[in-house]
Amino acid sequence: MHDVPSRAQHDVPSRAQHDVPSRAQHDDLLARRADYPILERSTYLINNSLGAMHRGTRERLTDYADLWDSVGVVAWETWFPEVRRVADLVGTALGAPAGTTVMRASVADAVASVASCFGYDGSRNRVVTTAADWPGTHYFWTAELQRLGGELVVVPFDDDGLTIDTDRLVDAIDDRTRIVSVSLVQFRTSALLDIAPVVAKAHAHGAVVLLDAYQGAGAVPVNVAAHEVDFCVGGSVKFLCGGPGNGWLYVRPDLVDSLQPTAVGWISHETPFAFDWGPIRYAEGAMRFAGGTPNVPAAYAAAPGYQAVVDVGIERIRERSMSLTQPLLESALERGFTVRSPHAAERRGGHITIDPGDAERVHHELIARKFVVDYRPGTGIRIAPHFFNTHDECMAVLDEMEKIRAGH
Ligand SMILES: Cc1ncc(COP(=O)(O)O)c(C=O)c1O
């Protein structure tokens, strides 16, 4: 069973702001455990890598197949509006107004469509990113700027090899910057970026901000509208628990109609069903970024996971996440493990990266024992509880790591 234990049971020191929550406080969240069947079969603590599947996903995939099977091509009358509804559901989790978010296949796909709006000749030819960003996006910018003659500015890690100082990122932005391409939450360490000064500096110098919120969405409050982020990308395999096949892209509504992406498809046209030949007449708003035929089964699969995040509420999820990860981090330190995530809860996202020593072997053994976490070379073991996980589970994985380390 996964009862939330009293603090005395795990000897977590008293910290008013990170108290282990009483069971009653989170009864409704624990009741939702039944919606994620994998929790019955394993200690599932890797929701920043592949979020647990919602049981509604299986039904939705059957609905999708049934509709295709029963009405054939007429299914598009249901499928197109459904994909848009799912995009708006993601938008709700990001603080984006309806109609400003579109589904794409992946972050890679969404980033390429954003980049296709810009050129890099002339004096404004730089993209600013960091060494902590997603490798796939780095590969893209390296190749794109080599092809188009732009310059990639990579803000390096601090001396610890893990953190990126926000001031150094802000300092790297100037009048030569076209795009600032950064992650909200670093995938290795969970370090959380203070986005406000980055957006302020970029806008003051006429640059746009492309925020990769993949590791943050569904775990930390992201309010793209309040922060005036120009573009926000992510997908749904992580804390949104929507599974693979879905990327998404938010574009600032007061910017979007001035943009002319070249990485477009027939759905980007203002009248796609006219099948007009000739130069594209862009759809209004974010739909110009919709591209080609949408990934309908992926959107169907994702909806229950997204809906649960929206229903629980991102503020509540954040509070719950901090109440689980802070004792986890502190207990890891007490056990002598190296922690490669910021120690202050407000400076990190929803996961903790721990190196118990010999992390790769410990990770393999944890998987064999049905403690599902993951491992990133050079960094350690990532542990990512979601709102449906318990304090007990977080402590149990640490206990198991200690046992493995001791050779048991
Ligand atoms: C920060 C971040 N960006 C992007 C991705 C994935 O990008 P894509 O959807 O292109 O596979 C991940 C992880 O899978 C990630 O952690």
Novice: Ignoring hydrogens and geometry, is there a side-chain-to-backbone donor-acceptor pair from Thr57 to Ala301 under 3.5 Å?
Specialist: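 Confirmed, Thr57 side chain pairs with Ala301 backbone.
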Novice: Salt bridge or not between Asp174 and Lys201? Use side-chain N to carboxylate O under 4.0 Å.
Specialist: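 Judged by the 4.0 Å cut-off on N to carboxylate O distance, Asp174 and Lys201 do not form a salt bridge.
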Novice: Could you grab the distance from atom CE of Met401 to atom CZ of Phe337, nearest 0.5 Å is fine?
Specialist: 5.0 Å
Novice: Using a 4.5 Å cut-off on heavy atoms from C-beta on, say whether the side chain of Leu148 contacts that of Asn125.
Specialist: no
Novice: Please list all pairs passing the ring pair (Phe, Tyr, Trp, His ring centres under 6.0 Å) test where one or both residues lie in residues 306-327, with sequence neighbours left out.
Specialist: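 Checked against ring pair (Phe, Tyr, Trp, His ring centres under 6.0 Å) - neighbours excluded - no pair reaches residues 306-327.
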Novice: Looking at Arg405 and Asp358, is any side-chain nitrogen of the basic one under 4.0 Å from a carboxylate oxygen of the acidic one?
Specialist: no
Novice: Step through the shown structure and confirm whether more than 12 heavy atoms of other residues, nucleotides or ligands are within 6.0 Å of CZ on Arg252.
Specialist: yes
Novice: Does Gly285 offer a backbone N or O that forms a donor-acceptor pair with the side chain of Asp257 under 3.5 Å?
Specialist: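 Present.
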Novice: Got a donor-acceptor contact below 3.5 angstrom from the Arg178 side chain to the Gly119 backbone?
Specialist: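 Side chain of Arg178 to backbone of Gly119: a pair is present.
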Novice: So, does Thr101 use its side chain to make a donor-acceptor pair with the main chain of Leu249 at under 3.5 Å?
Specialist: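 Between the backbone of Leu249 and the side chain of Thr101 there is no qualifying donor-acceptor contact (under 3.5 Å).
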Novice: Do Gln326 and Arg348 meet the criterion of a side-chain donor-acceptor pair at a distance under 3.5 Å?
Specialist: yes
Novice: Please check this pair: side chain of Arg382 against backbone of Phe187, looking for a donor-acceptor N/O pair closer than 3.5 Å.
Specialist: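 Such a contact is found between Arg382 side chain and Phe187 backbone.
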Novice: Any ion pair linking Glu365 and Arg369 (charged N to carboxylate O, less than 4.0 Å)?
Specialist: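 Yes, Arg369 and Glu365 are salt-bridged.
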Novice: How many angstroms lie between atom CG of Asn246 and atom CZ of Arg104, to the nearest 0.5 angstrom?
Specialist: 13.0 Å
Novice: Run the side chain to side chain contact (heavy atoms under 4.5 Å, CB included) test on Thr129 and Asp133 for me, step by step, so that the C-alpha distance in whole Å, both residues' side-chain angles and the decisive distance to 0.1 Å come before the verdict.
Specialist: CA-CA 7 Å; Thr129 186; Asp133 268 271; 3.7 Å; yes
Novice: Under the side-chain hydrogen bond (donor to acceptor under 3.5 Å, both in side chains) test, which residues partner Asp121, sequence neighbours left out?
Specialist: none
Novice: Side-chain donor-acceptor pair under 3.5 Å between Arg335 and Ser331, yes or no?
Specialist: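 Yes, side-chain donor-acceptor contact under 3.5 Å.
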Novice: Identify whether the distance between the nearest side-chain nitrogen and carboxylate oxygen of Asp194 and Arg347 falls below 4.0 Å.
Specialist: no
Novice: Distance-only, no hydrogens or angles: does the His269 side chain make a donor-acceptor pair with backbone N or O of Thr271 under 3.5 Å?
Specialist: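 Checked: pair present.
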Novice: For Lys403, enumerate each residue passing the side-chain hydrogen bond (donor to acceptor under 3.5 Å, both in side chains) test, keeping only those at least two apart in sequence or located in another chain.
Specialist: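 So Lys403 forms a side-chain hydrogen bond (donor to acceptor under 3.5 Å, both in side chains) with Glu400.
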Novice: Any chance you could lay out the side chain to side chain contact (heavy atoms under 4.5 Å, CB included) test for Cys117 and Phe289, step after step, and finish with the verdict?
Specialist: CA-CA 10 Å; Cys117 301; Phe289 285 92; 3.6 Å; yes
Novice: Is the side chain of Asp160 donor-acceptor paired with the backbone N or O of Thr163 at a distance under 3.5 Å, no angle test?
Specialist: yes
Novice: For the CG atom of Asp392 and the OG1 atom of Thr390, what is their distance to the nearest 0.5 Å?
Specialist: 5.0 Å
Novice: Do Glu315 and Arg318 sit within salt-bridge range, that is, some charged N less than 4.0 Å from a carboxylate O?
Specialist: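 The answer is no: the pair does not qualify as a salt bridge.
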Novice: Can you give me the closest heavy-atom contact between Phe388 and Leu30, atom names plus distance?
Specialist: O-CD2, 4.4 Å
Novice: Would you mind reporting whether Val127 and Tyr120 have side-chain heavy atoms less than 4.5 Å apart?
Specialist: yes
Novice: Supply the atom-to-atom distance Ile381 CD1 to Leu366 CG, rounded to the nearest 0.5 angstrom.
Specialist: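 The distance works out to 5.5 Å.
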Novice: Counting only heavy atoms not in Glu151, do more than 12 sit closer than 6.0 Å to its CD atom?
Specialist: yes
Novice: So which atom in Gly357 and which in Asp355 form the shortest heavy-atom distance, rounded to 0.1 Å?
Specialist: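 Residues Gly357 and Asp355, closest heavy atoms: N-OD1, 2.8 Å.
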Novice: Might you point out which heavy atoms bring Leu184 and Ala213 nearest each other, and give the distance in Å?
Specialist: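 Looks like CB-CA, 4.2 Å.
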Novice: Closer than 3.5 angstrom, by distance alone: can the side chain of Arg188 be matched with the main-chain N or O of Thr379 as a donor-acceptor pair?
Specialist: no
Novice: Hey, are the side chains of Gln186 and Ile164 touching, using non-hydrogen atoms and a 4.5 Å cut-off?
Specialist: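 Of all side-chain heavy-atom pairs linking Ile164 with Gln186, at least one is under 4.5 Å.
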Novice: For Tyr44 and Gly51, which heavy atoms make the closest approach, and how far apart are they?
Specialist: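 Taking every non-hydrogen atom into account, CE2-C, 4.2 Å.
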Novice: Under a 3.5 Å distance rule, please check whether Asn47 uses its side chain to pair with a backbone N or O of Pro385 as donor and acceptor.
Specialist: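 No, because the side chain of Asn47 does not come within donor-acceptor range (under 3.5 Å) of the backbone of Pro385.
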Novice: Determine yes or no for a side-chain-to-main-chain donor-acceptor pair under 3.5 angstrom, with Ser341 supplying the side chain and Ile352 the backbone.
Specialist: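 No, because the side chain of Ser341 does not come within donor-acceptor range (under 3.5 Å) of the backbone of Ile352.
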Novice: Can we call the ring centroids of Tyr214 and Trp134 under 6.0 Å apart?
Specialist: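 Ring centres of Trp134 and Tyr214 not closer than 6.0 Å.
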Novice: Taking side chain as C-beta onward, heavy atoms only, is Ser321 less than 4.5 Å from Phe239?
Specialist: no
Novice: Just wondering, more than 12 heavy atoms not from Glu228 lying within 6.0 Å of its CD?
Specialist: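 No, not enclosed.
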Novice: Fit a plane to each ring of Trp68 and Tyr64, take the angle between them on a 0 to 90° scale, and name the class: parallel (under 30°), tilted (30 to 60°) or perpendicular (over 60°).
Specialist: tilted
Novice: Should Arg376 and Asp374 count as an ion pair when the cut-off is N to O under 4.0 Å?
Specialist: yes
Novice: Here's a test for you: under side-chain contact (heavy atoms from CB on, under 4.5 Å), which of Leu259, Val224, Thr100, Asp230 qualifies with Val251?
Specialist: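 Of the listed options, the one satisfying the test is Leu259.
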Novice: Considering only heavy atoms from C-beta outward, does the side chain of Ile383 approach that of Ile46 to under 4.5 Å?
Specialist: no
Novice: Check step by step if side chain to side chain contact (heavy atoms under 4.5 Å, CB included) holds for Asn295 and Met103.
Specialist: CA-CA 8 Å; Asn295 189 342; Met103 303 307 288; over 6 Å; no
Novice: Hey, what do you get for NE2 (His386) to NE2 (His351), rounding to the nearest 0.5 Å?
Specialist: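 These two atoms lie 13.5 Å from each other.
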Novice: Any heavy-atom pair between the side chains of Cys241 and Met53 that's under 4.5 Å?
Specialist: no
Novice: To the nearest 0.5 Å, what is the distance between CG (Leu50) and CD1 (Ile38)?
Specialist: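 Answer rounded to 0.5 Å: 8.0 Å.
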Novice: Search all heavy atoms of Ile317 against all heavy atoms of Gly218 and return the closest pair with its distance.
Specialist: CG2-O, 3.4 Å
Novice: Which atom names give the shortest non-hydrogen contact between Trp141 and Ser181, and what distance separates them?
Specialist: NE1-OG, 2.9 Å
Novice: So does Asp254 have more than 12 non-hydrogen atoms from other groups sitting under 6.0 Å from CG?
Specialist: yes
Novice: With a 4.5 Å limit on heavy-atom distance, are the side chains of Lys370 and Arg41 in contact?
Specialist: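 Sidechains of Arg41 and Lys370: no contact.
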Novice: For Glu270, is the CD atom crowded, meaning more than 12 foreign heavy atoms sit under 6.0 Å from it?
Specialist: yes
Novice: Apply side chain to side chain contact (heavy atoms under 4.5 Å, CB included) to the pair Met287 and Val102, showing each step before the final yes or no.
Specialist: CA-CA 7 Å; Met287 279 311 283; Val102 291; 3.9 Å; yes
Novice: Using the six-membered ring of Tyr300, assess whether NZ or CZ of Arg60 lies under 6.0 Å from its centre and within 45 degrees of the ring axis.
Specialist: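 Satisfied, under 6.0 Å and within 45°.
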Novice: Going by atom types only, do Trp248 and Ser236 share a side-chain donor-acceptor pair under 3.5 Å?
Specialist: no
Novice: Indicate yes or no: does Asp28 engage Arg316 in a salt bridge with an N to O separation below 4.0 Å.
Specialist: yes
Novice: Do Phe118 and Val208 touch side chain to side chain, with heavy atoms closer than 4.5 Å?
Specialist: yes
